[in-house]
Each structure stands twice: as structure tokens, then as C-alpha cells.
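Letters A, B, ... are given to chains in the order of the sequence lines, protein chains preceding strands, and every chain is numbered from 1.
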Protein chains: 2
Amino acid sequence: MQRELALQVFEALSSGVRLDVFRLLVRAGKEGRVAGEISDALDIPPTNLSFHLKGLTHCGLLSVEQEGRYLRYRANIPLMLDTIAYLTENCCADSPDECAELRRGASSAAPFLPPLDPAAQKCRIS
Amino acid sequence: MQRELALQVFEALSSGVRLDVFRLLVRAGKEGRVAGEISDALDIPPTNLSFHLKGLTHCGLLSVEQEGRYLRYRANIPLMLDTIAYLTENCCADSPDECAELRRGASSAAPFLPPLDPAAQKCRIS
DNA sequence: ACAATGCTTCAAGATTTGTTGAAGTGTTGA
DNA sequence: TCAACACTTCAACAAATCTTGAAGCATTGT
């Protein structure tokens, strides 16, 4: 993960419309949703939705597949997770103690954290 | 985590300057950095840096502490992790099978994923 | 072939965000 | 007390982003 991609991902999620679209598609899973369904569900005019879908798709956060005259969109969750990994590289000045403390502070994020590994070379909130 | 906060977090990280600042402070750990140090390290004029620090601090991604005439900034990593949790709530249409598949796709993010729990009520990339 | 449909691209104007120099606030040390 | 310092706020302009209606491009069904 390089800086430019991470930046594009955060830019893509920095609008209310795009955040809602992405979350809708995360919930939809691999079934995804056709553009018209998203437009209806979120009450966004097709022209405007298309503009935002373009941004999400361009950075890879969404994939598109043509189905006849429909376009089906799906969320790319692994990219999202990789972006977080980029953000937390070399965290805590490489001090396991600090990371352990941090872990205790991450309440609702707890299920996302890996088991603590005292022998870890690099410290990634873990 | 409510929508507005998640939105502010993504907005805060959607600028190159702010992304660099946050990453610098993630690496710095709880020692943090004083504004002047950030300005020097990233070569950003103080006026401009101040503008961006404000955005990061306003949503809670950074904390500030006064030290004499200096202001020390620190990254709030748990907030970042909570934001991801918000993003992936009720993912995969609540299908454990889909989530297991997803997990295999998250390469570099792997260390961030919790152990698979087939009995989980809710499906969060896990 | 043709009209209807689903969605996108284009062009424009409106809104938001970013950047900079000048001025302001509070702290430190002589 | 006063000058130097660290940093912020302010004001003005520059630049990027958002939104919308009109027009375009495939695909579908008759």
C-alpha cells in the first residue's frame, strides 16, 4: 500500500454520499447492488450518484460488473483493511508496551485486533 | 460510533498534509510531537500546518496538550480503529461464508483480523 | 427498426476547501 | 518590563469538489 492509494481511499470516503453508498454495499455483501437500487435506497439523483460511484470505483473501493443494461457494484473490503494497515505501520515508536496500552483503549474496535504477540518484530497496534 | 463522527474522521484523513501528519504522530507514539517539530519534519509552513492540525484535532483524531509555549500533539489510534468497525458493521449480508472468503482476500491486513468465530452473531469480516 | 430503459458523460454554476502573509495571544527568559 | 518565541487566528484569494439538467450510449423488448 502506497501513500497515493491510501489518500484516494480516504478521499473517496470523505463525502456523506459516498460513505453511505460504501456502507450499503458492505452490508449487501457479494450480491452487491445495481446502480438504480442504490439510487432508490439512498434517494440520490442518478446523475449525482454516478459522479460518486466513479470516485469510489476509480480507487478500487468498488468493483463494477455489467449485467445487460444494468451495472452492479460491489464493495472491496480488503482494500479498506489494507488502508488501515498502512495507516498504522510502525506505530507506537516500536514499543510493545505502548501498543498493549493502546489495545486496552480500543473498545468497540476490539474484535478487529489480532492476539497480542510479545515476540512481534513490528508493532501494529498489537 | 455515529455517522457524523466517521465522516469527520475520513474528511480529516482525505488531505495529503493531514495524512502525513497523522502517520507521523502514529509512529511517534505517546511521546507525540510539538507543532514546530511537525512543521520541520514535513516542511509545512506553520500557518498552513495549524489549519490542518485544527481539522485533525476537532474530530478527535489528535489530542493536544500545552507545554509552556509549545503545543504537543498525539494520535488517537483507537478512534481510527473504531471508525473501521463502523464501516464494516453488518457486512456480507450477515453470511459467515462470505466473510470467511473475504478474510482470505485481506492479505496485508491479515494481522488486523480476529480469529474466525463460526458462532459469531454478527459478521464483521470475521 | 424503434421506442423505452439504465446509466453515464458533459457543461455550468454553486459551494467547499486549501494556502498564504499579516496580525494576534500567550509564554519564556533577560 | 520587554523582546523573542511558539503557535494560532484572520482575511483574502486560489483551487478543488459538488450538484443539476441536458445530451449521449448501450441494451432490451416489441
Side-chain angles (χ1 to χ4, degrees), chain A residues 3-25 28 31-76, chain B residues 3-25 28 31-76:
Chain A
R3 199 190 97 118
E4 280 317 306
L5 179 54
L7 199 45
Q8 284 182 2
V9 167
F10 287 122
E11 274 168 4
L13 295 171
S14 70
S15 126
V17 170
R18 291 190 296 266
L19 185 61
D20 290 344
V21 169
F22 186 71
R23 266 170 52 84
L24 175 71
L25 291 175
E31 183 190 343
R33 290 285 182 272
V34 143
E37 292 172 336
I38 303 172
S39 178
D40 289 347
L42 267 31
D43 196 35
I44 302 163
T47 305
N48 193 15
L49 177 63
S50 201
F51 170 80
H52 290 294
L53 286 172
K54 197 174 161 188
L56 285 160
T57 306
H58 182 255
C59 71
L61 225 31
L62 259 46
S63 67
V64 213
E65 189 187 359
Q66 184 146 16
E67 284 183 5
R69 59 181 143 182
Y70 300 87
L71 286 178
R72 183 167 299 272
Y73 287 88
R74 278 177 259 258
N76 178 1
Chain B
R3 198 190 98 119
E4 281 317 305
L5 179 54
L7 199 45
Q8 283 183 1
V9 168
F10 287 122
E11 273 169 5
L13 294 171
S14 70
S15 126
V17 170
R18 291 191 297 266
L19 185 61
D20 289 343
V21 168
F22 186 72
R23 266 170 53 83
L24 175 70
L25 290 175
E31 183 190 344
R33 290 284 185 272
V34 143
E37 292 173 335
I38 303 171
S39 178
D40 288 347
L42 266 31
D43 196 34
I44 302 165
T47 305
N48 193 16
L49 177 62
S50 201
F51 170 82
H52 290 294
L53 286 173
K54 197 175 162 187
L56 285 160
T57 305
H58 181 255
C59 71
L61 226 30
L62 259 47
S63 67
V64 213
E65 189 186 0
Q66 184 146 16
E67 285 182 5
R69 59 181 143 181
Y70 299 88
L71 287 177
R72 184 167 299 273
Y73 288 87
R74 278 177 258 260
N76 177 2

TODO: Round to a whole Å and report the spacing from CD of Glu37(B) to C1' of dC5(D).
DONE: 15 Å
Task: Expected output: side-chain Ser39(B) to main-chain Ile44(B) donor-acceptor under 3.5 Å - done: yes
Open item on the list: Distance check, rounded to the nearest 0.5 Å: Leu19(A) atom CG versus Leu13(A) atom CG?
Closed with: 6.0 Å
Task: Check ion pair Arg69(B)-Glu67(B) (N to O, under 4.0 angstrom) - done: no
Task: Angle between terminal axes - the helix from dA1(C)-dT30(D) to dA30(C)-dT1(D), 5 pairs each end, rounded to 10° - done: 30°
TODO: Measure the OG-CG distance between Ser15(B) and Leu56(B) for me, rounded to the nearest 0.5 Å.
DONE: 8.0 Å
Task: Value in whole Å for how far the P atom of dC7(C) lies from CG of Leu56(A) - done: 16 Å
- [ ] Rounded to the nearest angstrom, tell me the gap between atom CG in Asp43(A) and atom P in dT19(D).
- [x] 13 Å
Task: OP1 or OP2 of dC18(D) under 4.0 Å from side-chain N/O of Arg18(A) - done: yes
- [ ] With rounding to the nearest 0.5 Å, note down the distance linking CZ in Arg18(A) to CG in Leu7(B).
- [x] 9.5 Å
Task: Whole-Å distance separating the NE2 atom of His58(B) from the C1' atom of dT17(C) - done: 16 Å
Open item on the list: Rounded to whole Å, how long is the line connecting atom OH of Tyr70(A) with atom P of dA4(C)?
Closed with: 16 Å
- [ ] Could you check how far CD of Gln66(A) sits from P of dA26(D), rounded to whole Å?
- [x] 10 Å
Open item on the list: Under 4.0 Å, heavy atoms only, any strand: does Ser39(A) hit a base, just the sugar-phosphate, or nothing?
Closed with: nothing
Open item on the list: If I take atom CD1 from residue Ile38(B) and atom CG from residue Asp20(B), how far apart are they, to the nearest 0.5 angstrom?
Closed with: 11.5 Å
- [ ] Between dA4(D), dT20(C), dT28(D), spot the one nearest the side chain of Asn48(B), thanks.
- [x] dT20(C)
- [ ] Return the nearest nucleotide to the side chain of Pro45(B); candidates are dT20(C), dC7(C), dC18(D).
- [x] dT20(C)
Task: Separation between CD of Glu37(B) and CG of Leu25(B), rounded to the nearest 0.5 Å - done: 10.0 Å
Task: Rounded distance in Å - CD (Glu11(B)) to C1' (dA16(D)) - done: 14 Å
Task: Approximate separation, where rounding is to 0.5 Å, of Glu65(B) CD and Arg72(B) CZ - done: 8.0 Å
- [ ] Considering just the side-chain nitrogens and oxygens of His52(A), establish if one lies under 4.0 Å of OP1 or OP2 belonging to dT17(D).
- [x] no
Task: Flag, side chain of Arg74(B) to backbone of Ala28(B), donor-acceptor distance under 3.5 Å - done: no
Open item on the list: Using whole Å, what does the distance between atom C1' of nucleotide dA6(D) and atom CZ of Arg69(B) come to?
Closed with: 7 Å
What N/O pairs connect the protein and nucleotides 8-11 of chain C at under 3.5 Å? Give each pair on its own line.
from: dT8(C); atom 1: OP1; to: Tyr73(A); atom 2: OH; distance (Å): 2.2
from: dT8(C); atom 1: OP2; to: Ser50(A); atom 2: OG; distance (Å): 2.7
from: dT8(C); atom 1: O5'; to: Ser50(A); atom 2: OG; distance (Å): 2.9

